[in-house]
Each structure stands twice: as C-alpha cells, then as structure tokens.
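Every heavy atom of this structure was used, including side-chain atoms; hydrogens, water molecules and symmetry mates were not.
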Amino acid sequence: MTSAEIRQAFLDYYNKQGHEIVASSSLIPANDPTLLFTNAGMVQFKDVFLGDDKRAYSRATTSQRCVRAGGKHNDLENVGYTARHHTFFEMLGNFSFGDYFKPEAIRFAWVFLTEVMGLPKEKLWITVHHSDAEAERIWKEEIGVDPERFSQLDEDNFWAMGDTGPCGPCTEIFFDHGEEIFGGPPGSPDEDGDRYIEIWNVVFMQYNRTADGEMTPLPRPSVDTGMGLERIAAVMQGVHSNYEIDLFQNLLKAAAKAVKTDDLDSKSLRVIADHIRSCSFLITDGITPSNEGRGYVLRRIIRRAIRHGNKLGMKGPFFNSLVASLAKEMGEAYPELIKMQSQIERVLLKEEQQFAKTLDNGMRLLTQAINDLEGSILSGETVFKLYDTYGFPADLTADVAREHDLTLDMEGFELAMEQQRQRARASGGFAVDYNDKLELSGETEFVGYESLEGSSNVVAIFVDGEAVKQLTAGQSGIVVLDHTPFYAESGGQAGDQGQLSWDQGQFSVTDCTKEAKSHLHIGELAEGVLSVGDKVFAHVDEAARLATANNHSATHLLHEALRRVLGEHVQQKGSLVNPERLRFDFAHFEALTSDEVTQVEAMVNSQIRANSDVKTDVMAIEDARQTGAQALFGEKYDDQVRVLTLGEGFSVELCGGTHAKRTGDLGFLHIVSEGGIAAGVRRIEAVTGQAALEYVAANTYHLNEISALVKGSRETVVEKVQGLSDRNRQLEKELDRLKMMLASAKSGDLVSNAVEVNGIKLLVENLDGADPKALRDTIDQLKNKLGSAVVVLATESEGKVSLAAGVTKDLTSRVKAGDLVRELTAKLGGKGGGRPDFAQGGGVDCAALPAVLESVKTLIADR
C-alpha cells in the first residue's frame with residue numbers, strides 16, 4: 001500500500017466506526033502558549049479533553065501534520081542519522097471524548113492492524129502500564145494476545161498533558177521486524193535496538209493531576225491514540241527505514257538530482273529530504289525565518305539542510321527547487337502546498353542566498369578550529385563565535401562535530417549565550433498549570449450581534465482570582481453574566497466597554513475578555529452593592545462599539561486588497577482593532593512601494609464607496625471551507641462558524657467579530673503607515689471614518705504650514721522642499737571640505753608637539769571643538785607627516801567625548817590601536833575598539849579626559 005492509501009484507509013475505517021473525520025490543524029497551536037508547534041494529533045482537541053470546549057461529535061479521527069524540532073519535543077539532531085526520526089511527520093489518530101474507553105479503543109486498533117492492514121498477529125507485541133490491570137485483562141482475555149508477546153512497563157507508559165492536568169496510562173503496539181535485526185522486546189535490556197518498533201500508542205485519559213501530584217479520576221474518561229504514518233508505511237511496504245517508503249524515495253531522488261549525487265543512502269540527502277517537508281509546511285502555516293521563537297527554529301532547519309547540501313558539494317541555492325517535488329508528492333492530501341508553492345520557494349531562496357554569504361567563511365573557521373584542536377572537545381568560545389558571527393546554530397556546529405567524533409563544550413557556549421538564552425526562554429516558556437484557572441461553570445450566551453443592551457443575571461464574581469459573593473463600592477473585580485451584549489476580546493478585536501446598572505448601583509466595565517465559555521466583565525463598582533444572583537441591565541458603549549466594528553470590517557477589506565495587489569502569499573499575522581484605529585500585520589518580504597500602498601488604499605475605498613451589504617452566514621466549518629472562505633492560521637474555530645462577506649464577494653473570511661452593516665459605514669480608509677516589524681512580517685496602521693477625517697484634516701493643516709514656510713503652494717511644496725534638501729546637502733559637503741582643510745592645517749601645527757617615549761613618537765592632543773568625524777582624517781595626515789608614530793586625538797561635543805588612535809604599520813606589533821582605545825574609553829565611561837592601526841570610541845565622563853590623555857604616555861611606556 002502507498003502512504004496515501006494507508007492514510008485514507010485509516011480515516012475510512014474509523015469513519016465507519018462513527019468517528020468524525022476532522023482536518024489537520026495548523027502547525028501553530030491555536031491559542032495555546034504551552035507548545036512551540038503542534039506535535040501530536042490531540043493538540044487541536046486539548047480544550048475538548050479539558051472540558052473547555054464542546055464539539056458536535058464525541059468521536060473523531062485525523063491525519064495530523066506534526067513538527068518536533070524545538071522545545072521539549074526536539075528530534076532535530078537525530079534526523080538523518082536514524083531510521084525513524086523526523087522533524088515533520090503525520091500522526092494518524094482516533095479520539096473519544098467521554099464516549100468509548102479501553103475495550104473499544106483496544107479492539108479498534110487490533111482490528112485495523114490485523115484485519116484491515118493484514119499484519120500477522122505473531123508480529124505484534126503489546127505493552128501496558130504496570131498499574132493498568134484492566135487493559136492487561138482486555139488484551140489477554142478479550143483480544144487473545146499471546147502472553148509471551150506482552151510487557152508491563154513503568155513511567156514510559158504513562159502520559160500527561162503537562163505537569164498538571166489530564167493524564168493516564170498507555171498501551172502500545174510494537175511491530176517485530178524479525179530476529180535478523182538486533183534488539184529486544186520493550187522492557188528488555190536490548191529494547192533500544194531496531195527489531196521492535198512502536199507503531200501505535202493508545203492513551204487512556206482517566207485522571208486529573210494537580211500541582212501537588214494528587215490524581216483524581218476524570219468524570220468522563222477519554223481516549224487519545226496516535227500512529228505515525230511513516231512508521232506504518234515502512235511496515236506495510238516491507239522496508240526497515242522510514243526513508244525507504246514511497247513518500248521519501250521520490251524526495252530523495254529529487255534531492256539527489258538537485259545536489260548532483262547518485263548516493264541515495266547519503267545521510268546528508270536524508271536530512272535534506274526530511275527538512276524540505278518541515279520547512280515547507282511551516283511556511284505554509286505562516287511561519288517565516290527569524291531570530292526568535294518559531295521563526296528561529298525554521299531558520300535552524302533551513303540552514304541545517306543548506307549545510308548538508310554544501311557538504312555534498314553544492315555551493316549555490318538548491319533547497320528551494322525541492323518544493324515542486326514535495327507538492328507533487330503530498331499536494332493531493334494537502335492542497336495548500338500547491339497553492340503556496342511559489343511563496344515557499346521564494347522564502348527558501350531568500351534564506352539560502354542570505355546564509356550563503358556566511359556559510360563558506362563559517363565552515364572555514366570551523367574546519368580550522370577542528371584541525372587545530374588538541375583533544376575531542378570543541379570550545380564553547382568557538383561555538384559561540386560561529387553562532388554570533390556567522391549565524392551557525394549550535395546544533396549545526398554539533399552536526400559537523402559529530403562527523404569528526406567531537407563533542408561541544410556546551411557549558412562554555414551557554415555562558416557566552418546568557419542573554420540569548422534568556423530570550424529563548426522568554427519565547428519558549430510554555431509551562432502552565434491547567435488547574436490554575438478561574439472556577440467557571442456553564443457559559444455566557446453572547447447576544448451582542450443583535451443588541452447592545454439587555455437584562456442579565458450575575459452568575460459569578462471574582463476579586464483577585466478568588467470567587468466572592470458580592471462587590472462593594474470602590475472595589476475592582478470581574479463579573480460573569482448568564483448572557484451579555486459585551487463582546488469579549490478575541491481575534492484582534494478589543495473588548496467592549498460600558499456599564500452594568502441596577503436601581504441601587506452601577507458597575508463600570510472597562511474591558512471584556514473570555515475564559516473557556518464565559519465572558520469576564522472587568523471593571524470597578526462605582527456605587528452600590530453587587531451580589532451573585534442579582535439582575536442587572538448591561539449597556540455597551542455604542543459609539544465605541546460601532547467605531548471598533550467599522551475598523552474590524554476594514555481589516556478584512558485591507559487583507560483582501562493586499563492579497564490582490566501583492567499576491568496570494570499574503571497571510572494575516574496579527575491584528576488589533578479598537579475605536580481609534582486598526583493595525584494589520586501580514587506576511588510579505590519587502591517594503592510596499594508608494595504605488596502599492598496607493599493601490600491597496602484605493603481598492604479598499606472603492607469597496608467602501610460601493611456601500612454593499614456586509615453579510616454574515618452561520619454554517620458548518622467544512623461547508624465554510626468549501627465556499628473558499630479564508631481562515632486564519634493558528635486560530636481555533638468551532639464546528640459552526642460565522643462567514644463574513646464584504647463587497648459582493650470581494651472578501652470572504654471566517655470571523656466571529658462584530659462588523660459594520662454596510663461597507664459605506666466605514667466612511668473611508670486612510671493608511672497611516674507601513675513598515676516591517678519582523679523578518680518577513682509587515683505592519684499597516686490605518687484609520688477609518690471620523691478618525692480618518694481628523695487625520696487628513698491635520699495633515700492638510702501641516703501641509704499648508706510647510707507651504708507657507710517654503711514660500712510655495714500645496715501644489716509646489718514637494719518641489720520647494722526638494723530644492724531646500726539639495727541645497728542643504730551641497731552646504732554639508734562644502735562644510736566637510738572646509739573642515740578637512742582646517743584639520744590639515746591644524747595637523748601641521750601639531751607635528752611639533754610629538755614626544756618620544758621609549759623610542760616611539762607619541763602625539764596626544766585634545767582638539768577642543770573639533771568635529772568628531774574629522775579625527776580619522778587628521779590622524780591619517782599626522783601619521784604620514786610623522787612617518788612612525790602613535791597618535792591619540794580626542795574632542796568634546798554635547799557632553800560626550802570622542803576619541804581615536806592611529807598607529808603606523810611598523811609599530812603595530814608593539815602597540816595596537818584597538819587595545820589602546822578600549823583601555824582609554826573604559827576610563828571615560830564608554831567603549832571602543834578597532835584594528836591594530838586605527839581605532840575609535842567614546843565616553844561620557846568629560847571631566848576625566850585630561851587625566852586619561854595624560855595616562856597615554858605611561859601606557860606606551862609600559863608597552
């Protein structure tokens with residue numbers, strides 16, 4: 001069977017058992033700060049298992065794309081060197097949300113493997129957790145597994161969502177590749193061999209673990225299973241290594257052609273074939289190479305692939321050419337690969353070109369360090385220098401070191417990387433206590449699409465995270481209602497503001513957020529007493545809501561306009577809409593030209609002037625996808641979604657926010673700014689309606705003021721300012737020329753001030769009032785006139801000291817300008833450095849300058 005046939009057979013089998021086929025979620029976990037990437041099939045169902053989300057189905061099956069290349073789950077260093085480690089893989093899974101449990105889950109797995117896949121029963125080995133007598137009984141008595149092919153394991157067979165939260169025992173199914181391959185069964189001393197390979201893991205979520213380690217039974221035990229598609233494909237296709245299956249063979253051949261090699265067994269070729277999968281899917285899901293977080297992991301994977309291509313003799317770009325082969329291989333299952341192919345190629349090519357500039361130099365330094373090495377440990381200083389100077393991630397250096405049987409001094413590297421490590425921890429801090437939440441039950445019904453006010457009942461009150469019975473005047477807290485017109489902050493839209501009022505008091509709502517299914521009204525009790533069970537009248541600030549809704553609708557028009565002007569690769573990377581303005585972040589790799597900004601703005605305003613209805617339809621998510629509605633990567637959607645249509649089909653997107661009734665309500669849109677905020681991510685800020693009118697009016701006022709200052713009109717102001725700018729540049733050049741002449745004249749006067757210190761001519765001067773930029777030219781002239789000398793010059797300007805030193809070539813073996821300047825500027829409360837023949841720097845301690853210059857003689861004498 002091909003990998004595609006196995007994938008489909010799995011989904012079809014579980015669908016016949018009453019499981020809903022659910023599409024793979026993004027590699028960016030939806031609203032989940034605990035994970036770097038989606039690394040298992042259960043990730044998209046985490047809130048369902050926690051009880052924070054309900055689905056229309058209680059059984060599900062998926063083929064989930066996963067990445068393990070960063071954070072806790074990191075297989076990067078093993079990829080290419082083992083038969084089964086990958087940065088990207090597909091996890092086949094079936095899930096029960098409080099529906100069936102151990103008997104059904106075990107039977108489903110056994111029937112699929114032995115009957116649908118036709119695997120011999122005597123080739124399968126079963127494990128259970130030592131405490132799970134029930135699972136052991138089912139396997140032995142109901143399924144009839146041979147006790148000789150059965151093991152009890154310890155903590156390796158116990159799964160947890162984190163340090164806290166749902167957890168439970170596992171049962172695993174291993175495939176025996178045969179006695180001709182080294183290795184023992186699971187639980188034996190030789191279990192790390194390759195004979196017995198895990199192909200299926202069934203997790204029985206039956207406990208909740210608290211921070212103190214106590215485990216209590218879950219009210220609705222659930223099932224989470226996973227089977228790696230690549231592993232089962234290897235079994236079904238009769239090969240031992242995952243790299244021998246059909247999915248990889250075609251990629252390996254394409255990679256071999258790209259790097260011009262015939263060795264299909266090359267470990268470097270395996271690395272390249274694996275990495276093109278993870279890189280392409282990460283870019284498809286909106287991640288771009290950068291120096292932090294997920295983008296940094298992507299950059300590391302790309303650079304590792306490039307380095308292995310370089311090792312095989314490739315000196316130019318090649319990695320991007322493999323995207324077409326991947327799209328051909330997996331595009332049917334994941335059509336987004338085909339849709340995004342050109343963008344993926346563009347991102348990879350740019351990264352290849354950028355890294356190529358430093359790869360040769362970095363490899364030269366690393367090779368030299370290895371050749372000069374005494375022993376088998378590469379110093380942390382070398383590892384850090386490669387990272388800091390040449391952009392070599394430590395694991396890339398480790399990859400090369402491994403090929404030479406060397407290890408890295410990671411302790412030394414970590415000391416040098418303290419600041420970067422802190423940043424990495426900040427971007428990768430994914431610890432969370434799943435029990436550390438507000439004690440909420442039920443859900444708040446949102447009625448704010450239809451109305452901005454209405455009566456509600458108070459169902460809970462919290463102060464400092466603790467549930468209380470009532471609030472008194474002056475207290476701040478959180479109020480939860482049974483239904484509310486207040487929109488809770490979500491999807492980039494700010495939460496509503498307003499009031500909760502009753503006969504004896506008023507609660508001012510300053511923000512509204514959401515936790516689980518409850519809306520949290522945050523604010524302060526202005527007067528009276530508010531108790532749980534009270535009836536209140538909720539009233540949203542109408543002006544603020546309407547302005548926010550208009551700005552939200554504008555982001556959708558802006559998104560589509562950007563896609564039409566720049567290309568379909570444009571993806572939303574974030575947004576903020578509030579009553580004052582809108583901010584829209586999107587994936588694009590270069591600054592927009594003035595013409596492109598004008599086109600985008602004009603296209604949006606054309607839709608606004610059309611004044612078409614803004615339509616919202618509620619439908620099943622699969623139906624919405626069939627209509628072609630745009631969905632945001634990383635966003636979590638319910639089974640029933642709101643599909644927003646603006647401009648007679650101009651923009652169709654999934655969105656749960658509030659919006660204008662007609663596009664004309666926006667008035668018009670004006671783009672205030674466009675700029676980059678991260679590698680491959682741009683940001684547009686804009687205003688609409690009254691705010692746009694006020695912005696344009698202010699700009700017009702300032703334009704009139706400038707016109708008057710340059711003695712022109714609004715029509716000629718650009719020409720006038722350009723003339724002033726050109727004239728200013730001419731004057732600056734003339735000033736620089738005069739300063740050079742002055743410096744030259746002054747240098748002639750200074751030569752006679754040189755003194756001799758231990759056979760070295762030394763000239764030290766404070767050129768009070770001199771231009772700091774002229775110091776270098778003055779030093780060069782003095783060196784020429786003195787022939788052989790050390791020259792140190794300083795000047796003070798605006799409370800700061802600028803200092804420069806020059807050393808003629810014949811003296812650099814005795815005195816180095818860089819060392820001299822570093823020592824002097826340190827005494828001035830600053831820093832500096834440079835080459836042996838010239839260096840410069842500065843400081844802020846002007847009062848110390850005379851003593852510092854006086855010390856130069858002693859420093860030269862010491863040398």
Side-chain angles (χ1 to χ4, degrees), residues 1 6 9-19 41 58-59 61 91-96 98-159 168-181 183-191 193-206 221-229 231-238 240:
M1 296 178 73
I6 295 170
F10 181 89
L11 297 175
D12 289 344
Y13 169 75
Y14 276 99
N15 187 235
K16 290 178 182 178
Q17 312 306 319
H19 293 67
S58 59
R59 300 182 178 193
T61 184
M91 183 70 81
L92 304 172
N94 61 282
F95 309 90
S96 165
D99 188 331
Y100 61 82
F101 202 43
K102 294 181 184 180
E104 297 87 348
I106 291 173
R107 185 171 63 254
F108 285 153
W110 187 254
V111 170
F112 180 77
L113 290 176
T114 60
E115 297 182 17
V116 179
M117 294 289 100
L119 295 181
K121 297 177 182 179
E122 64 273 14
K123 282 283 190 178
L124 302 179
W125 189 289
I126 308 301
T127 72
V128 297
H129 189 255
H130 66 83
S131 68
D132 197 351
E134 181 185 4
E136 180 173 352
R137 182 194 62 77
I138 294 169
W139 277 117
K140 291 180 177 178
E141 297 179 10
E142 297 185 21
I143 302 300
V145 167
D146 184 351
E148 296 296 318
R149 304 189 67 80
F150 191 90
S151 302
Q152 288 185 353
L153 300 181
D154 295 324
E155 292 312 307
D156 284 346
N157 258 30
F158 195 92
W159 181 91
C170 309
T171 183
E172 297 171 316
I173 304 174
F174 287 72
F175 182 79
D176 180 358
H177 278 280
E179 60 185 12
E180 67 275 9
I181 296 174
S188 71
D190 297 325
E191 65 178 356
D194 276 349
R195 176 176 174 179
Y196 294 87
I197 300 301
E198 177 197 339
I199 58 173
W200 202 314
N201 186 20
V202 184
V203 177
F204 302 121
M205 276 189 264
Q206 60 188 97
S222 299
V223 172
D224 158 29
T225 82
M227 176 170 64
L229 174 62
R231 290 194 179 195
I232 188 63
V235 170
M236 294 302 298
Q237 294 172 19
H240 184 62

Participant: Does some side-chain heavy atom of W110 sit less than 4.5 Å from a side-chain heavy atom of K121?
Facilitator: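 Yes - at least one pair of side-chain heavy atoms lies under 4.5 Å apart.
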
Participant: Side-chain contact, heavy-atom cut-off 4.5 Å: E142 with I106?
Facilitator: no

Participant: Quick one: CZ on F174 to OG on S151, what's the gap to the nearest 0.5 Å?
Facilitator: 8.0 Å

Participant: Side chains of T171 and D132, heavy atoms from C-beta outward: is any pair under 4.5 Å?
Facilitator: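 No - every pair of side-chain heavy atoms lies 4.5 Å or more apart.
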
Participant: Measuring from I173:CD1 to L119:CG, what's the distance to the nearest 0.5 Å?
Facilitator: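 Here the rounded value is 9.5 Å.
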
Participant: Compare every heavy atom of P169 with every heavy atom of K102, then report the nearest pair and how far apart it is.
Facilitator: NZ-CG, 4.5 Å

Participant: Take atom CD of E179 as the centre, draw a 6.0 Å sphere, and report whether it contains more than 12 heavy atoms from other residues, nucleotides or ligands.
Facilitator: no

Participant: Do F10 and V116 touch side chain to side chain, with heavy atoms closer than 4.5 Å?
Facilitator: no

Participant: Parallel, tilted or perpendicular: which fits the ring planes of Y13 and F108, with parallel below 30° and perpendicular above 60°?
Facilitator: perpendicular

Participant: Can you tell me how far apart OG1 (T127) and CZ (R149) are? Round to the nearest 0.5 Å.
Facilitator: 13.0 Å

Participant: Using the ring pair (Phe, Tyr, Trp, His ring centres under 6.0 Å) rule, take Y100 and H19 through it: C-alpha gap first, then chi angles, then the decisive distance, then the call.
Facilitator: CA-CA 11 Å; Y100 61 82; H19 293 67; 5.4 Å; yes

Participant: Between E180 and R195, is there a side-chain N and carboxylate O pair less than 4.0 Å apart?
Facilitator: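 Answer for the salt bridge query: no.
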
Participant: By salt bridge (charged side-chain N to carboxylate O under 4.0 Å, His left out), which residues pair with D12, not counting sequence neighbours?
Facilitator: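 Partners of D12 by the salt bridge (charged side-chain N to carboxylate O under 4.0 Å, His left out) criterion come out as none, since no residue qualifies.
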
Participant: For residues H129 and F204, determine if any side-chain heavy atom of one lies less than 4.5 Å from a side-chain heavy atom of the other.
Facilitator: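 They are not in contact (no side-chain heavy atoms under 4.5 Å apart), so the answer is no.
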
Participant: Once you measure the plane-to-plane angle for H177 and F175, does it fall in the parallel (<30°), tilted (30-60°) or perpendicular (>60°) bin?
Facilitator: perpendicular

Participant: Can you find a pair of side-chain heavy atoms, one from R59 and one from Y14, that are under 4.5 Å apart?
Facilitator: no

